[in-house]
Novice: 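Structure in structure tokens, see below.
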Amino acid sequence: MTGPATDPRRLVPRTDAVLAEPRIAAAVERLGRELVKRAVTTAQQRARRGEITPDAVPAAALGALPATATGLRPVLNATGVLLHTNLGRASLSAAAREALALAAGTCDVELDLETGGRGRRGQGAIDALLAAVPGAGAAHLANNGAAALALVATALAAGREIVIARGELVEIGDGFRIPDLLTSTGARLREIGTTNRVHVADYADAIGPDTAFILKVHPSNFLISGFTRAVGISELTGFGVPVVADIGSGLLAPHPLLPDEPDAAGALAAGATLVTASGDKLLGGPQAGLLLGAPGIGADLVQKIRRHPLARAMRVDKLTLAAFEATLRGPVPPTRRALDADPAELHARARRLAEQLTGHGVEAEAVDSAATVGGGGAPGVTLPSAAVALPERYAAALRAGDPAVLGRLEHGRCLLDLRALPAESDDALATAVLHAGAGRAR
Ligand SMILES: *Cc1c(COP(=O)(O)O)cnc(C)c1O
């Protein structure tokens with residue numbers, strides 16, 4: 001006997017009723033009504049098609065809800081690329097994450113709680129930066145490295161000339177080029193030398209009354225070798241014009257594994273007037289642009305630049321300020337820990353994981369691997385690493401998982417390189433591989 005009264009599709013619960021269920025109501029509190037309603041509607045449609053029973057609608061809706069109200073999904077970075085731009089570059093330290101959560105509410109970012117009056121915005125972040133680079137006389141933060149450079153060019157060189165070597169006209173990524181960025185501010189470029197060679201005399205010839213500053217850009221994502229000649233910062237300090245060094249990666253002091261990567265302290269010690277860098281590369285913090293000035297003229301220029309109208313448009317938010325300060329004052333951030341990881345320890349982790357996975361019937365093997373810094377830093381440098389090698393077909397299933405895992409395809413295998421991953425994530429990695437394997441078997 002079938003009829004409207006007994007048709008199971010008639011028993012599909014109404015939206016209002018589902019939304020009123022306590023667990024669904026709690027999800028509305030957490031994720032907002034629209035997201036939850038959409039999941040409920042989808043579950044109701046599945047029940048009408050007979051894919052699930054009507055009483056399973058609330059559970060199906062709950063199961064389909066995202067973990068958070070963002071479409072962004074967490075990804076375990078098993079690429080062996082420490083700073084993967086497509087994965088958001090540096091992973092923040094626990095201290096920086098806590099600071100983010102604190103700053104997410106109202107906080108004294110621009111208030112002096114003692115007097116009740118206005119305070120300098122983000123003073124704590126600036127103080128932390130100056131403490132980390134004692135050779136600097138003043139500092140400012142902008143949205144990113146490109147913003148810091150654009151601010152310098154706008155405030156100091158609009159309508160004037162920037163002297164730059166042709167070998168330093170860098171395309172930084174996604175089609176964006178430093179020379180285009182500089183000219184977009186109204187500055188003119190005075191290009192000198194050739195792709196492979198430039199001499200102090202080239203700088204001397206180019207400098208004149210129109211020169212605003214000399215710019216040194218670190219070729220952070222390529223190598224030129226062979227018949228080459230570059231001019232160091234220390235050779236450029238005698239011309240009576242500021243020397244601006246865009247060091248890129250945000251190393252604040254030299255790192256033994258990266259002998260060719262310039263650092264802020266070194267650039268200032270060599271005589272740079274201003275230094276610009278990124279906050280989310282080797283510094284290991286949030287996206288930000290560092291501007292550091294040498295004591296004296298450099299510090300005066302920083303003050304001038306930070307009062308320029310455009311500085312307001314490139315102002316960092318409180319979340320960045322909080323995370324940046326905590327990155328510098330807190331424990332060693334993940335990027336730095338990955339850089340300093342002991343290869344023997346990485347191999348031990350890879351063996352443990354491979355053994356564990358093999359025990360569950362996964363074709364896994366611990367192998368040698370080579371990691372890189374990536375993200376526009378230390379080109380050509382490889383860091384010894386270890387990986388778990390899986391059959392190539394795992395790659396897609398791992399990307400579809402939650403958390404997603406991004407590995408590296410090499411010689412027909414999917415390598416999960418451990419250098420960019422903290423040891424604490426090994427369990428999550430193993431679970432993700434087992435899920436990916438199980439998903440394929442179904
Ligand atoms: C990465 C980089 C930039 C751009 O910095 P963002 O923080 O990505 O804006 C500029 N210059 C150099 C040399 C770089 O390496």
Side-chain angles (χ1 to χ4, degrees), residues 81-92 125 129 139-154 157 162 164-185 187 189 213-224 230-233 243-252 255 258 260-264 266-268 270 272 274-292 305 310-311 313-317 319-321 323-324 327 333 335 339 372-381:
V81 179
L82 268 49
L83 296 164
H84 200 299
T85 297
N86 302 152
L87 297 180
R89 290 191 184 154
S91 175
L92 297 182
L129 182 53
H140 177 68
L141 287 174
N143 281 337
N144 56 18
L149 196 54
L151 263 184
V152 173
T154 307
I162 298 170
I164 182 170
R166 291 198 168 86
E168 298 178 12
L169 298 171
V170 179
E171 177 168 312
I172 43 182
D174 195 24
F176 288 102
R177 296 170 167 175
I178 297 230
D180 296 343
L181 174 75
L182 294 169
T183 53
S184 75
T185 68
L189 296 189
F213 59 82
I214 296 170
L215 178 61
K216 289 279 303 167
V217 177
H218 175 52
S220 55
N221 53 10
F222 67 98
L223 284 175
I224 293 191
V231 176
I233 293 169
V243 178
V244 179
D246 174 17
I247 62 168
S249 77
L251 264 192
L252 299 183
H255 191 282
L258 311 173
D260 298 326
E261 198 62 18
D263 64 281
L268 289 167
L274 295 171
V275 174
T276 64
S278 296
D280 55 354
K281 294 182 181 171
L282 287 170
L283 191 146
Q287 179 186 303
L290 283 62
L291 173 62
L292 293 160
I305 291 164
L310 198 63
M314 296 179 177
R315 183 172 96 164
V316 290
D317 75 333
L319 302 178
T320 302
L321 290 167
F324 185 81
T327 299
T335 303
L339 187 59
T372 56
V373 170
V381 173

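Just follow the structure's listing: the first ligand is 1, and inside any ligand the first atom is 1. No hydrogens, no waters, no symmetry mates; every other heavy atom, side chains included, goes into these values. The first residue in the sequence is number 1, and the count goes up from there.
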Novice: State the atoms of ligand 1, each with its element, that fall below the 4.0 Å cut-off from a heavy-atom position in Gly145.
Specialist: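 Every atom of ligand 1 under 4.0 Å from some heavy atom of Gly145: 5 (O), 6 (P), 7 (O), 9 (O).
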Novice: Measure from the side-chain N and O atoms of Asp174 to the backbone N and O of Phe176, and report whether any donor-acceptor pair falls under 3.5 Å.
Specialist: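 No, Asp174 side chain to Phe176 backbone: no donor-acceptor pair under 3.5 Å.
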Novice: Look at atom 14 (C) of ligand 1 and find which of Glu168, Lys281, Gln287 reaches it with the closest heavy atom.
Specialist: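 Selected option, by shortest heavy-atom distance: Lys281.
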Novice: Can you list the ligand 1 atoms lying under 4.0 Å from a non-hydrogen atom of Ala146?
Specialist: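 Close to Ala146: 4 (C), 5 (O), 6 (P), 9 (O).
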Novice: Going by the order shown, which atoms of ligand 1 are within less than 4.0 Å of some heavy atom of Arg89?
Specialist: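 Checking each atom against Arg89, I get 6 (P), 7 (O), 8 (O).
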Novice: From the options Thr276, Val170, Asp246, select the one whose nearest heavy atom is closest to atom 11 (N) of ligand 1.
Specialist: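 Of the listed residues, Asp246 has the closest heavy atom.
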Novice: State the atoms of ligand 1, each with its element, that fall below the 4.0 Å cut-off from a heavy-atom position in Ile178.
Specialist: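 The list of qualifying atoms is 10 (C), 11 (N).
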Novice: Taking Val316's backbone N and O only, do any of them form a donor-acceptor pair with Thr320's side chain (distance below 3.5 Å, no angle check)?
Specialist: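 It does not hold such a pair.
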Novice: Check ligand 1 against His218 and write out every atom of the ligand that is under 4.0 Å from a heavy-atom position of the residue.
Specialist: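 The list of qualifying atoms is 13 (C).
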Novice: Any side-chain heavy-atom pair from Leu169 and Leu189 closer than 4.5 angstrom?
Specialist: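 They are in contact (side-chain heavy atoms under 4.5 Å apart), so the answer is yes.
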Novice: Can you list the atoms of ligand 1 that are under 4.0 Å from a heavy atom of Ile172?
Specialist: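 By the 4.0 Å cutoff, the relevant atoms are 2 (C), 3 (C), 4 (C), 10 (C).
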Novice: Could you tell me the separation between the CG atom of Leu292 and the CG atom of Leu141, rounded to the nearest 0.5 Å?
Specialist: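 It comes to 8.5 Å.
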Novice: How many angstroms lie between CZ in Arg89 and OG in Ser249, if you round to the nearest 0.5 Å?
Specialist: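 Arg89 CZ to Ser249 OG: 10.5 Å, rounded to 0.5 Å.
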Novice: Quick check against the 3.5 Å criterion: does Gln287 have a side-chain atom that pairs as donor or acceptor with the backbone of Asn143?
Specialist: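 It does hold such a pair.
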Novice: For ligand 1, which atoms, with element, lie under 4.0 Å from some heavy atom of Ser278?
Specialist: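 Going through ligand 1 atom by atom, the ones under 4.0 Å from Ser278 are 1 (C), 5 (O), 6 (P), 7 (O).
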Novice: Would you say the side-chain atoms of His218 and Glu261 include a donor-acceptor pair closer than 3.5 Å?
Specialist: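 Yes, because at least one side-chain N or O of His218 sits under 3.5 Å from a partner of the opposite role on Glu261.
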